[in-house]
Amino acid sequence: MSFGFNILKDRQIDFDTNDLSLARFLSLYEPSFRLCISCGGCTATCIANHHSGLSLRKIFILINRGITADIKHELDNCMLCGKCVIACPRGVNTRGLILKISELTKNSEI
Amino acid sequence: MTFHPFVLPFIAGLSFIIIYFFYKTYHWISGLSDSDKKKLRNSIFTQKTYYAAKEVFLESLLHRKIFRINPLLGYMHASLAFGWFLLIVIGNLESRLYHPSDFNPPYYPIFLGFFDTDSHHTYWYAPIFKFIMNLLLIIVLSGVLLALLKRLYAGLFKMKKTTHLKMADKIPLYSLWLIFPARLMAESVAAAIYQNGGFLTTSIGKLLSTSLATESFMLTFYWLYSIALGIFFCSLPWSRYMHIPSEVVLIFFRNYGIHNTENNKELQEVELLSCSRCGICIDTCQIMTSAKVNSIQAVYFLKSLREKDYDRNKAFNCLMCGRCEKICPVGISINMHRQQSRNHISNDKGFLETAWHLTQKKKAKIAYFSGCMTRLTPSVIVAMKKIFSAANENWIFLDENNGICCGRPTKLAGLTKKASELAEANKSMIHESGADLLISSCPICVKTFTEDYHLNIPVFHHSVYLNNLIKAKKINVQKIPIQAIYHDPCELGRGLHIYDEPRQLLSSLLNLKTIHYSAENALCCGNSVAGFHLSSQEKDMITKDALIKMNTKDCDIIATACPMCKKSFVKFEQTKVKDLAEILEMAITK
Amino acid sequence: MNKKVVVVVGGGIAGIEASAFLSYMGFEVVLVEKENTLGGHVLNWEKLFPTMRYGSEVLDFLLQGISPKVNVYTCCEVNSISKKEHQFFVELSNGENFISDAVLVTTGYDLFDARIKEEYGYGIYENVFTSADLEMIFTAKKTLLTKQNKVPLKIGFVHCVGSRDEKVGNVYCSKVCCVTAVKQSIEIKQIYPDSEIYCFYMDLRMYGMHFEHLYKEAQEKYGVHFIRGRLSECFENVDKSILVKVEDTLTGRPLKMNVDILVLMVGFVPRKSTKKIADLIGLENGRNGFFKTKDQHTLTNVSNIPGVFFAGCCTSPKTITNTITDARAAASTIASYLLHHEIDKRTINLAP
Amino acid sequence: MLEEGKKRIWAEYQKAVPDNNYYFVRSCIRQTFFPGSEQAFIRIIRNELGKDIYETPYHTTCTGIGYHSDIIPFETTMTVVARQFALMTEAGYSNYIPSCITSFGLYTEVLETWHHFPEIEAHIRENLWKATKREFKIPDNLSHPSDIFYHFRKNIAEKAKYSLVDIESGQPLNVVEHIGCHYSKMFPGKGIGGAEYPCVLIGMIEAWGGNAIDYPERRHCCGFGFRQYIVQSNRGYSVSCSRKKFESMKPYQPDLILTNCPGCPMFLDRWQYVISEIEGKTYGKNNQGIPVFTYEELAGLILGYDPWELGLQLHQIDCEPLLKKMGIKYNPSEKYLGYNREYIGKPEITKNLFHCC
């Protein structure tokens with residue numbers, strides 16, 4: 001029977017049930033992944049951001065929260081130009097991570 | 001006596017390798033593309049063949065290139081290769097002279113000491129031969145000794161690292177080491193019995209007490225000698241020593257103008273087999289010397305490629321600086337192989353949903369493309385702007401607001417489809433500008449513009465353009481009284497062979513000092529866009545080392561022509577690091 | 001002239017170091033401590049950031065300065081102080097009286113009572129600890145376990161508890177909690193490498209010279225996680241683990257997780273007992289309830305009453321390093337006051 | 001959970017509750033949602049506790065619903081509230097007892113506003129005078145009926161015929177308490193036990209033999225809200241809030257949810273049915289659901305009042321299993337007979353939720 005409304009899905013991040021495997025893998029594969037402090041330097045300098053709104057900061061933090069569904073095709077916009085590598089104040093190997101994440105999330109099976 | 005069963009292993013091995021080699025060669029040639037076949041046909045009866053033969057002699061036998069890089073290593077290779085070669089040739093000559101009439105089987109000269117027991121009584125010149133053969137044997141043995149030492153202490157050869165081996169390499173290696181000592185002993189014993197030795201074999205023969213100088217003792221050594229040879233020949237195809245025949249083919253192909261391309265599988269195989277694993281590429285690789293990673297260098301990479309193992313790390317953990325390719329004595333196109341295996345591992349669908357908003361309305365004579373990295377060194381852009389206006393050029397700034405990447409990094413990542421999509425987008429923008437000259441301040445861009453874009457207008461790196469400006473007196477400069485050294489960016493130097501223009505430009509602006517690590521031998525700044533796996537710490541190690549090696553102390557300015565190099569160097573260098581454009585800007589006179 | 005006397009109120013590290021310097025400068029020093037041992041809070045800190053050196057080592061070093069020339073009175077408080085001309089008449093709880101020429105107040109601070117922050121459930125939920133509790137466990141060489149004696153696999157650290165919080169009336173930053181949390185997470189990681197640690201912060205203030213290195217090490221080497229969001233409230237689950245609710249401000253979404261132990265990084269508050277002393281001689285309190293220094297830049301050890309001086313955390317939260325430096329500064333300030341050095345006659349327009 | 005910790009807080013948040021002479025104000029929605037409750041309150045105060053309680057038919061809404069739905073300005077609200085106080089003053093009472101939690105919160109808010117801004121109070125007095133020629137005194141005491149029951153919880157326990165105990169096992173019942181948000185979340189000092197750990201209902205539960213349960217989402221709103229419920233398309237938000245609470249209390253296997261607010265019992269009760277229809281998910285043992293009572297209904301029950309007189313048949317979740325568990329006598333045949341013995345109709349049989357008759 002219809003009540004004219006439905007039970008809403010919770011927006012809350014449930015850290016205990018979210019799948020953190022990707023985050024765990026990356027921090028072992030490329031420990032500099034752990035160093036991201038979400039300063040947004042990468043996103044600010046990103047040339048793809050101007051065209052597609054690609055935000056590496058967002059992608060990293062979502063991976064860290066186990067919300068990988070949201071980033072499925074985002075990284076596909078990256079041109080690997082490497083400006084983010086130069087911009088990152090904490091020496092995160094952003095390009096290496098982008099390639100690996102893309103490979104794992106099967107954007108472009110690198 | 002003209003036969004004894006101990007020759008059989010040798011005969012077996014020899015015939016096997018000859019058949020195998022001819023089969024392979026046929027396979028390679030037949031596999032060539034029609035255009036390459038044509039090249040082969042047209043050049044086989046020209047002096048190219050002579051040059052090829054000459055090169056084979058110089059490289060495959062004398063190993064001249066290795067000599068230049070590392071004399072001791074060169075001697076080791078040469079003594080083994082050329083020494084052995086002469087042993088065979090002269091040995092044949094000798095046996096022919098002794099027995100001009102009767103049938104002369106291939107093993108005969110090899111085991112001459114056994115079969116020919118009395119010639120030295122008959123022929124006056126026999127002792128001379130004996131002397132030469134013994135001398136050659138000593139030379140070869142010295143080579144073997146060196147090889148042995150190299151295994152034990154690489155340092156002796158001023159080599160930091162030498163290749164580590166697998167079983168497949170050890171069998172032929174050890175059999176190779178065994179061949180000549182065995183031959184020495186065999187002939188020495190023979191000399192003791194038949195008195196047919198030279199100065200070396202005879203004296204060693206004398207040392208062996210009569211009790212040891214027996215028929216059976218001699219036979220054991222001849223068996224050993226023959227078996228060693230047999231094993232060596234048979235294991236050749238699976239070992240690094242396959243490079244001996246392969247390199248010959250490679251040299252001929254190269255001289256006939258047949259080069260490694262995307263779809264030239266045969267030549268790629270020839271190249272892979274031609275790697276002698278001399279290990280010279282290891283010491284020239286900065287990832288080894290500075291970042292202390294000893295597993296991804298060309299020699300290891302090519303090996304795993306030969307074993308059809310597309311190792312991700314070996315393929316992507318490389319700066320593609322091209323230093324190894326330049327120094328490789330065999331001249332293998334290593335970067336091409338890396339690029340190909342990256343393409344093989346990667347498999348992209350291109351940009352699925354990105355839409356580029358590139359609209360170039362303005363028209364001008366010159367189109368300037370700064371490139372992504374140059375945005376991070378705005379001083380270069382400012383300088384270029386000043387220069388353009390000083391030379392009152394009619395120009396536009398292509399990627400000033402919302403430019404996109406040239407596509408080289410994606411190409412280097414093996415994402416060829418993405419790269420071509422970016423190229424298309426940029427090409428239409430360049431086209432719309434209506435410019436008849438494209439200039440970029442970034443060697444990475446220039447490289448891909450020239451090689452992959454197939455534009456109908458000339459593409460200049462700004463160093464070339466600026467040099468032309470000076471030459472054409474379109475801009476007035478005054479020499480600045482300062483010392484500078486010039487660092488060749490990988491993509492500009494080894495990548496595009498632009499060495500002279502920057503130097504001409506600089507020497508017209510200031511006093512240019514020459515340094516050891518320049519031109520083809522220039523170092524990588526560590527931040528090449530081709531390097532995907534290095535950590536920032538490792539990159540920093542490379543940058544710091546490069547600066548130390550370039551010995552930047554006693555100069556006022558480090559000049560370079562790549563924003564990436566500049567960005568890397570300023571991180572650690574007290575001396576000013578300036579782009580050519582900035583230096584020219586300083587020298588402009590009103 | 002007879003020897004000048006200085007009464008130092010409070011035997012924490014500031015009192016110890018100041019007394020030491022003053023005594024070696026040739027003054028008669030009376031050091032009053034209400035506990036039975038000198039050392040104050042540092043007695044309860046096992047290892048110190050950023051060096052991970054033992055607090056006891058620092059204390060031992062400082063105590064070497066306490067020579068027989070310093071008259072130490074432990075288990076003893078100041079009953080009354082009165083001022084006549086340039087002299088102070090001090091009466092101690094043990095009945096002794098002194099006439100001193102200067103008084104140095106080094107009464108330090110109290111730790112914020114985490115129970116005031118009711119919604120964090122300290123004292124109600126079994127597995128909610130404070131940073132001080134953690135140090136107690138470390139100093140006592142006990143093993144860190146949940147109240148159910150289970151090895152904690154998930155630990156949460158809540159920054160700024162009782163600091164930078166209008167709701168408890170403390171708007172100031174306690175300075176040491178951020179880096180203490182980093183230090184303690186590393187220590188826990190060293191004990192339980194498989195544990196996951198989450199720090200919930202508003203800002204991370206790694207202002208000290210080597211604090212940022214420690215922070216980076218915590219991230220890269222020990223994989224400590226930092227989540228930007230202030231704990232709103234927490235609850236006890238049926239299994240006694242703690243349900244933590246924050247907004248993950250970097251994803252802009254609410255976030256909840258269960259932790260086995262929740263550690264509250266309690267800040268500094270003005271020591272209650274200092275009020276008594278303040279009333280005795282009429283010392284002014286600053287905006288945050290700590291003693292008010294005469295000038296924030298230039299006269300940081302000087303009070304509103306000539307002859308009364310401050311050192312250490314009684315004027316503001318300080319690290320151990322800063323406290324020691326401050327004590328030495330106070331000693332020299334007092335010396336120049338008592339010996340009427342020219343330098344003591346400098347004047348400045350006091351900051352409003 | 002460390003009891004002493006809570007006790008310390010409870011000690012800090014105690015309020016004066018008057019012993020007698022209550023000016024009782026009914027709630028707009030409670031008397032339609034659970035008409036038995038307020039009736040029971042008055043009956044217990046008068047008959048069981050022998051106190052004086054007065055109510056007048058002239059009082060109006062406090063405008064709380066309109067106010068919290070942002071459709072009535074505060075000034076209007078204050079003037080209406082002033083009129084209520086005037087009625088109290090005229091009746092000669094000074095202990096104001098509003099049945100509705102939202103009203104309670106709103107009156108508190110108004111009184112606080114006047115306390116801190118006397119000029120506003122003056123202005124409102126002027127408004128009231130202009131509009132109705134009425135004047136009023138500020139109540140000496142503002143308490144919620146649940147405060148009163150908390151105050152007399154022991155007296156009620158003394159008279160009780162039943163207690164919150166499973167008569168078979170002898171174990172105390174697990175009772176979840178849910179406090180209306182407006183009771184003390186806005187003004188912690190005005191609620192017994194404060195905002196974080198209110199003990200107004202816990203006190204009753206424990207005094208009446210039950211075992212009060214504290215569970216993670218205890219503080220969470222039932223989801224009633226005002227905008228959320230009033231606009232149909234927003235009700236999904238409302239129901240998801242209740243659902244959050246049910247999921248959170250599930251592991252504690254509660255026998256009963258006790259409330260002191262108009263909206264909460266309504267929605268915690270009805271939404272269980274809605275959830276069972278939409279998701280097929282039910283709570284409580286063998287799909288019985290978790291009964292939700294008001295504190296008056298519970299007090300009435302343990303004092304031995306007839307469940308149907310208390311109006312328990314108007315709950316979506318059947319109370320019979322719980323009554324059985326507590327050993328309370330009742331007559332099933334009279335369940336659907338109204339006050340005047342007329343048949344009042346049965347709810348439809350639901351898909352997933354258990355119904356005993």
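So that the names make sense, note that chain A is the first sequence line, chain B the second, and so on, each numbered from 1.
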Quick test of your reading: applying ring pair (Phe, Tyr, Trp, His ring centres under 6.0 Å), list the pairs with at least one residue in residues 44-71 of chain A, sequence neighbours left out, ordered by first then second residue.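 Listed once each, the pairs are F33(A)-F60(A), H51(A)-W356(B), H51(A)-H357(B).
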Those residues that, when tested against F235(C), pass ring pair (Phe, Tyr, Trp, His ring centres under 6.0 Å) (two or more places apart):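 Partners of F235(C) by the ring pair (Phe, Tyr, Trp, His ring centres under 6.0 Å) criterion come out as none, since no residue qualifies.
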Considering only residues two or more places apart or on different chains, which pairs with a residue in residues 42-56 of chain A satisfy salt bridge (charged side-chain N to carboxylate O under 4.0 Å, His left out)?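 Residue pairs with at least one partner in residues 42-56 of chain A: there are none.
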Are there any donor-acceptor pairs closer than 3.5 angstrom between chain A and chain C, and if so, which ones?
unit_1, atom_1, unit_2, atom_2, d
R11(A), O, R253(C), NE, 3.2
R11(A), O, R253(C), NH2, 3.3
R11(A), NH2, G252(C), O, 3.2
I13(A), N, P254(C), O, 2.7
I13(A), O, K256(C), N, 2.9
F15(A), N, K256(C), O, 2.9
D16(A), OD1, K154(C), NZ, 2.3
D16(A), OD1, N258(C), N, 3.4
D16(A), OD2, N258(C), N, 2.8
D16(A), OD2, N258(C), ND2, 3.0
R34(A), NH1, E220(C), O, 2.7
R57(A), NH1, L250(C), O, 3.2
R65(A), NE, D248(C), OD2, 2.5
R90(A), NH1, Q219(C), OE1, 2.2
R90(A), NH2, E212(C), OE2, 2.7

Checking L204(C) against chain A: side chain, backbone, both or neither under 4.5 Å from a heavy atom?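 For L204(C), neither part sits under 4.5 Å from chain A.
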